[in-house]
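Any value given below was found using the heavy atoms of this structure, including those in side chains, with hydrogens, waters and symmetry copies removed.
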Amino acid sequence: MKKFTNNMLRLLTVMAVVMLGFSACQKDEEIFPIPTVTPAGTLSGIPGATVSVKASISAPAGLKSITVLKNGQAFDSKTFTGEKTAEYAKDYVIDGTAGSVVTFSIQVTDSKNQVSTLTPLTVNVTAIPPKTIVDVSGVIEGNVTWTADKIYRLKGFVRVGEEAVFGTITKKGVLTIQAGTTIIGERASKGALIVQRGSKIIAEGTADKPIVFTSERNPGEREAGDWGGLVLCGQAPNNLPNDASNRQLEGGYGAFHGGTDAADNSGILKYVRLEFAGIPINPNQEVNSLTLGSVGSGTVIDYVQASFGLDDSFEWFGGTVNAKHLIAYKGLDDDFDTDNGFSGYVQYGLGVRGSAIADQSGSNGFESDNDANGSTNVPFTSAVFANMSIIGAKGAVNIAIDPLFQHGAQIRRNSKQKLYNSIITGYPYGVYIDSQRGSAKVNAANGEIDFQNVILAGVEGWGPGGFGLGWSVNVRPMGVAVPGFENMASGTNGAAILIGDKTPEDWFKSLTGNKILATNAKMGLSTTLWSAGRPTLTLATGTDESLIGPKLKSDLPTFFEATDYVGAFKSTDWTLGWSEFAPQSVVYVK
């Protein structure tokens, strides 16, 4: 028995030694993650400038060494004593030539001799120094100038001047922006620029040095709604009740507007781009790419492009301001939206839509209201537009478009807007005279809604007779299915809906120079209007001059230039130099 016990003790001792050895072996062979290197991002600078090559290092097994190569050759090395994390930094005096790229490669080794991947960090060698980013917030007072050698970042709602409550202007400012300046909006705070009543913005770019308001994000990451937008508030008339509760622009963010000075001057916008703007404040109440609240005729607006906005590209709430050379490019909601008694003039405008982006409220080329209720409040919305090219998303029968697209022009809610020498194509419906609220049909019958030398063109093979569903003039009630415009006009889809004593089609055709075409094939429009990037905007050789050649009305105000063509373009492309149709890929922050 004693012998058995001794043998058992020896066996247990041996097993204990083996287990201790196995345990020690397990500890020695513990597996650690491979170390990682996170570089500080792309650098840039002119030859001779000093930049700092930086990286954050993680080495769970303990850091042993770091090796840095410059264009494949040794640049730096450093040893460590088992740190789990480390920050590497070393200054580098740029020695490349302008336009070249210097590539650093960083690799670390841990205490287990595990090696990280070779991680690149690039330095772009530029001909000019990278621009300093200046953060702007709060209220701008007095005379302030933003210069082209810097980039200005809007943090929250930045105001030029201040009006704490309607009628109490406590501060005034004049913001001058040099040609070629870039302004970015902070995404997190939805940065926006609001020019309050009594203050001004002087943003006068040039064709080769436009002023650009855009997203702060990198190329490939930008999207509609990255920042708020540009808002101008003036003291010209509108048709809103004269009390503070009604004198804020929709959303109630303190942008008061309106007054009695039709010639009020809010400054200059010339050769300006607005990209990836627009934010919702409340449902159906948004900041647009360019919002104009009761802006007066003393203001200059010329050569302005709004691209990839989250709501309307341009929206006017009252006011008398005039404008020329406007581009609404692939926004979400309406291209040109007029409300609350806007009575200004606009000549030369382009609206181009993307096929897959339309708003839940229904997207239109024009949307025009006297006010939200269709009231008879004066002044009436009676803007005059001429030489407009409204290019809907449907460029060919095989292009699928968002079903929320609606009308080339929806004139509704007692508006009295007018349109001359213009083209509408690519929308499911051409012109919608909408009398659900107010008396738009009566206004049309009385000549207060006027269309002259306007071409409505369909797309070959799309819908009955080559048109889209209900294409051309119509007054269909929203939500009522209509097999085709012809049925609606003739009354075979129910009682005939008339404008005065005419069907909608007869009314439209009775006005001077108007045409309804099955296709846009002979109008000289380039198919590049329905593709990505810069489109060809001048008319092609062989265009049917009988279609595009009517003269502009001779009795219009002197603001309008005489033309002998419909649409925004003939042989001259006024977008060249200053506009951008692929802003997603432009490098703004270097």
Side-chain angles (χ1 to χ4, degrees), residues 28-135 149-153 155 182 184-189 191 214-223 226 584-590:
D28 289 342
E29 294 178 1
E30 183 176 348
I31 298 174
F32 290 89
I34 293 173
T36 59
V37 177
T38 304
T42 301
L43 304 174
S44 63
I46 61 174
T50 299
V51 296
S52 183
V53 178
K54 296 180 179 180
S56 298
I57 299 163
S58 173
L63 186 59
K64 181 178 180 181
S65 66
I66 180 170
T67 300
V68 182
L69 306 178
K70 175 195 155 195
N71 291 337
Q73 303 298 315
F75 173 75
D76 189 28
S77 62
K78 188 175 181 180
T79 57
F80 293 84
T81 56
E83 294 90 334
K84 304 292 185 182
T85 62
E87 296 294 325
Y88 172 82
K90 185 174 178 63
D91 286 346
Y92 160 61
V93 178
I94 297 175
D95 57 356
T97 58
S100 65
V101 176
V102 177
T103 301
F104 288 90
S105 303
I106 304 171
Q107 192 169 56
V108 299
T109 303
D110 66 12
S111 61
K112 299 296 183 183
N113 290 320
Q114 298 182 115
V115 180
S116 71
T117 58
L118 201 61
T119 303
L121 184 153
T122 58
V123 178
N124 295 316
V125 186
T126 63
I128 57 175
K131 295 181 179 181
T132 300
I133 297 178
V134 178
D135 286 333
D149 61 336
K150 299 179 178 65
I151 293 173
Y152 296 85
R153 177 163 50 203
K155 296 174 75 69
T182 298
I184 57 178
E186 185 180 61
R187 179 177 167 87
S189 64
T214 192
S215 167
E216 70 172 345
R217 303 172 80 189
N218 294 324
E221 298 175 351
R222 300 165 187 151
E223 59 186 350
D226 274 349
Q584 185 63 261
S585 61
V586 178
V587 177
Y588 291 112
V589 181
K590 299 180 181 180

Notebook entry, point to check: In Å and rounded to the nearest 0.5 Å, what is the CD1 to OG1 distance from Ile106 to Thr117?
Noted result: 10.5 Å

Next item on the list: Nearest 0.5 Å please: distance from the NZ atom of Lys54 over to the CG atom of Leu43.
Entry: 9.0 Å

Item checked: Ser105 side-chain N/O to Leu118 backbone N/O, donor-acceptor pair under 3.5 Å -> no

Note to self: Using a strict threshold of under 4.0 Å (side-chain N to carboxylate O), is an ion pair present between Arg222 and Glu216?
What the structure shows: no

Note to self: For a quick test of reading the model, state the closest non-hydrogen atom pair linking Ile34 to Ser116 and the distance between them.
What the structure shows: CG2-CA, 4.0 Å

Notebook entry, point to check: Quick one: salt bridge (charged side-chain N to carboxylate O under 4.0 Å, His left out) pairs with a partner in residues 56-67, sequence neighbours left out?
Noted result: none

For residues 83-97, tabulate all N or O donor-acceptor pairs below 3.5 Å that involve a side-chain atom, not counting sequence neighbours.
| from | atom 1 | to | atom 2 | distance (Å) |
| --- | --- | --- | --- | --- |
| Glu83 | OE1 | Thr81 | N | 2.8 |
| Glu83 | OE2 | Thr81 | OG1 | 3.4 |
| Lys84 | NZ | Pro60 | O | 2.7 |
| Glu87 | OE1 | Ser56 | OG | 2.9 |
| Glu87 | OE2 | Ser56 | OG | 3.1 |
| Tyr88 | OH | Asp76 | OD2 | 2.5 |
| Tyr92 | OH | Asp95 | N | 3.2 |
| Tyr92 | OH | Asp95 | OD1 | 2.4 |
| Asp95 | OD1 | Lys70 | NZ | 3.3 |
| Asp95 | OD2 | Lys70 | NZ | 2.7 |

Item checked: Close side-chain approach of Gln107 to Val115, heavy-atom, < 4.5 Å -> yes

Note to self: Do Ile57 and Leu63 make a side-chain contact, defined as non-hydrogen atoms from C-beta onward lying under 4.5 Å apart?
What the structure shows: yes

Next item on the list: Answer whether the closest heavy-atom distance between the side chains of Thr122 and Phe104 falls below 4.5 Å.
Entry: no

Checklist line | N/O donor-acceptor pair under 3.5 Å between Gln114 side chain and Thr109 backbone | finding: no

Check: Any side-chain heavy atom of Val68 within less than 4.5 Å of one from Ser77?
Finding: no

Check: Rounded to the nearest 0.5 Å, what separation is found between the OH atom of Tyr152 and the OG1 atom of Thr182?
Finding: 11.0 Å

Notebook entry, point to check: Is any side-chain N of the basic residue among Arg187 and Glu223 closer than 4.0 Å to the acidic one's carboxylate O?
Noted result: yes

Next item on the list: Any chance you could measure Ile151, atom CD1, to Thr132, atom OG1, to the nearest 0.5 Å?
Entry: 9.0 Å

Item checked: Gly45 to Pro130 - nearest heavy-atom pair and separation -> CA-CD, 3.8 Å

Checklist line | Spacing of Thr42 atom OG1 and Asn218 atom CG [to the nearest 0.5 Å] | finding: 8.5 Å

Notebook entry, point to check: Rounded to the nearest 0.5 Å, what separation is found between the CZ atom of Phe32 and the OG atom of Ser111?
Noted result: 7.0 Å

Notebook entry, point to check: Are Asp135 and Ile133 close enough that some pair of their side-chain heavy atoms sits under 4.5 Å apart?
Noted result: yes

Note to self: I'd like to know if the side chain of Glu186 and the backbone of Gly191 have a donor-acceptor N/O pair within less than 3.5 Å.
What the structure shows: no

Next item on the list: Please answer whether the main-chain N or O of Arg217 pairs with a side-chain N or O of Ser215 as donor and acceptor at a distance below 3.5 Å.
Entry: yes

Margin query: Between Leu121 and Val53, is there a side-chain heavy-atom distance shorter than 4.5 Å?
Written below: yes

